[in-house]
Amino acid sequence: MPELAPNTRYIIPAESPEKARLVRQYAMKKAIYGWTSAVPASVNLASISHVLDVAAGTCVWTADFASIPEVSSRLTKFFPEKGFLDGMGVSTFKHDITQPFRPELHGKFDLIHISFLLLCLTEEGWTSALNNCRDALNDGGVLMIDDADPIMYTEWSLPPPPDAATHDIESCLQAPGWLGKANRIYTAYSLKNNFVPELSFRLPSMLSNAGFTVVEKGRGYAAAGKICRSRSFNGTSLNLAEFEEFSVENLVFIFEHLAKDLFAQAELYECKDVKVTTMEGVECMLQEVRSGLLTEGAVSIGGYFIAKK
């Protein structure tokens, strides 16, 4: 495993399968929120010239944003995989987001984008990252974050409403059947690594503490498996039928890496107080989760936030 910064931890190898998965996942995310562009319609593109994409991954958001006619002619962008982006007039650099940016980058950017760091940053890492993004934005600059909570729900175990305080994490970990096993992989991995499993509930206060004002927020349900066929879930419209197969393979791919990491550290539980002790047990657990997604389906909560400095 490559060396990781102390407040970050991402264990999925950055190889071709992961790159292809992230590109498809981006398309699904846009469908979840009903976006037709890289940013919500409320973002004033006319005011944006300098953009920073944090934890940019596969360049998919960069390419999508750079293709918007209103910004393509005046875009300055920082992102990995420089060769792919040279033709877009994009500059690149490598940086640990939990560390301050170079002084010459302070106050430089009109828009900063962060996406899907739920399995990357600890709470301390988030605090540092948000402060560093604030410093890199100009006055009135916009921080756009979209992320998700690593907690699964079903039609018979519904997620908390938007005005709830947070998740009942212990109940989710002890949910019956395959759903509990899914959360004893997904949620347990987050807790074990001191990540923030309730990001959709916590980010407004975290942003406020970092000096931002949230001007827009939205909630979406990331459906998986059978629920993708539904036109709505818990009163929210869905349009995810084309992602039914991908959504299952996506989660199982993630869960496979998380489960094996938990198992290697003797932290994977079949049920409360009963550890999984063999690789055969790990595979059985993953198969049961896959079957549950195919036959019943599940959702996790996603949220996006538009915040101004």
Could you measure the distance from the [atom1] atom of [X] to the [atom2] atom of [Y]? Nearest 0.5 Å is fine.
| X | Y | atom1 | atom2 | result |
| --- | --- | --- | --- | --- |
| N193 | D261 | CG | CG | 6.5 Å |
| L143 | K309 | CG | NZ | 11.5 Å |
| T98 | N131 | OG1 | CG | 11.5 Å |
| D163 | F201 | CG | CZ | 8.5 Å |
| L258 | L119 | CG | CG | 6.0 Å |
| D147 | L117 | CG | CG | 6.0 Å |

Considering residues at least two apart in sequence or located in another chain, which fulfil the side-chain hydrogen bond (donor to acceptor under 3.5 Å, both in side chains) criterion with E256?
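Residues passing side-chain hydrogen bond (donor to acceptor under 3.5 Å, both in side chains) with E256: K260.
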side-chain hydrogen bond (donor to acceptor under 3.5 Å, both in side chains) against R24, all qualifying residues, sequence neighbours excluded
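Expected list: none.
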Evaluate R21 against I254 for side-chain contact (heavy atoms from CB on, under 4.5 Å), listing each step before the verdict.
CA-CA 10 Å; R21 181 187 75 82; I254 295 169; 3.4 Å; yes
Just checking, any donor-acceptor pair under 3.5 angstrom between side chains of D53 and H113?
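Yes, a side-chain donor-acceptor pair sits under 3.5 Å.
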Assess, by modelled atom type and distance only, whether the side chains of D149 and S200 contain a donor and an acceptor separated by less than 3.5 Å.
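Checked: D149/S200 side chains pair up, N/O donor to acceptor below 3.5 Å.
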Is the backbone N or O of [Y] less than 3.5 Å from a side-chain atom of [X], with the two atoms forming a donor-acceptor pair by type?
| X | Y | result |
| --- | --- | --- |
| S67 | D64 | yes |
| S205 | R202 | yes |
| S208 | P204 | no |

Any idea how [X] and [Y] line up, ring-wise: parallel (<30°), tilted (30 to 60°), or perpendicular (>60°)?
| X | Y | answer |
| --- | --- | --- |
| F243 | F246 | perpendicular |
| H95 | F101 | parallel |
| Y304 | W35 | perpendicular |

Yes or no on side-chain contact (heavy atoms from CB on, under 4.5 Å) for E123 and N194, after CA distance, side-chain angles and deciding distance?
CA-CA 7 Å; E123 182 160 354; N194 297 314; over 6 Å; no
Would one find more than 12 heavy atoms of other residues, nucleotides or ligands at under 6.0 Å from atom NZ of K308?
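Counting neighbours around NZ of K308, 12 or fewer heavy atoms of other residues, nucleotides or ligands fall under 6.0 Å, so no.
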CD of Q174: more than 12 outside heavy atoms within 6.0 angstrom?
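Yes, enclosed.
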Does the separation of the ring centres of Y189 and H257 fall below 6.0 angstrom?
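So the answer is no for these two rings.
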Pair E288 + K181: basic N to acidic O under 4.0 Å
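The answer is yes: the pair qualifies as a salt bridge.
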State, yes or no, whether a side-chain contact exists between [X] and [Y] at a heavy-atom distance under 4.5 Å.
| X | Y | value |
| --- | --- | --- |
| I185 | L286 | yes |
| L207 | L130 | yes |
| W178 | L293 | yes |
| V289 | M152 | no |
| I97 | C133 | yes |
| Y186 | C172 | no |
| D110 | S47 | no |
| E296 | L179 | no |

Might you work through the side-chain contact (heavy atoms from CB on, under 4.5 Å) test for F255 and V282, ending with a clear yes or no?
CA-CA 10 Å; F255 286 7; V282 175; over 6 Å; no
Show which side-chain atoms of residues 233-240 pair as donor or acceptor with protein atoms under 3.5 Å away, not counting sequence neighbours.
{"unit_1": "N234", "atom_1": "ND2", "unit_2": "Y221", "atom_2": "OH", "d": "3.1"}

Under the salt bridge (charged side-chain N to carboxylate O under 4.0 Å, His left out) criterion, do E244 and K226 qualify, and how do the steps go?
CA-CA 7 Å; E244 179 176 356; K226 185 179 178 181; over 6 Å; no
How close do [X] and [Y] get, heavy atom to heavy atom, and via which atoms?
| X | Y | value |
| --- | --- | --- |
| A224 | L251 | CB-CD1, 3.5 Å |
| P150 | P197 | CD-O, 3.3 Å |
| K29 | S115 | NZ-OG, 3.4 Å |
| P160 | Y153 | CD-OH, 3.3 Å |
| L262 | R184 | CD1-O, 3.8 Å |
| M28 | S247 | CE-CB, 3.9 Å |

If hydrophobic clusters are built from ILVMFWY residues whose side chains come within less than 4.5 Å, do [X] and [Y] share one?
| X | Y | result |
| --- | --- | --- |
| Y269 | I169 | no |
| L191 | I151 | yes |
| M279 | L268 | yes |

Is there a side-chain contact (heavy atoms from CB on, under 4.5 Å) between L22 and F116? Walk through the geometry before answering.
CA-CA 10 Å; L22 291 174; F116 284 168; 5.9 Å; no
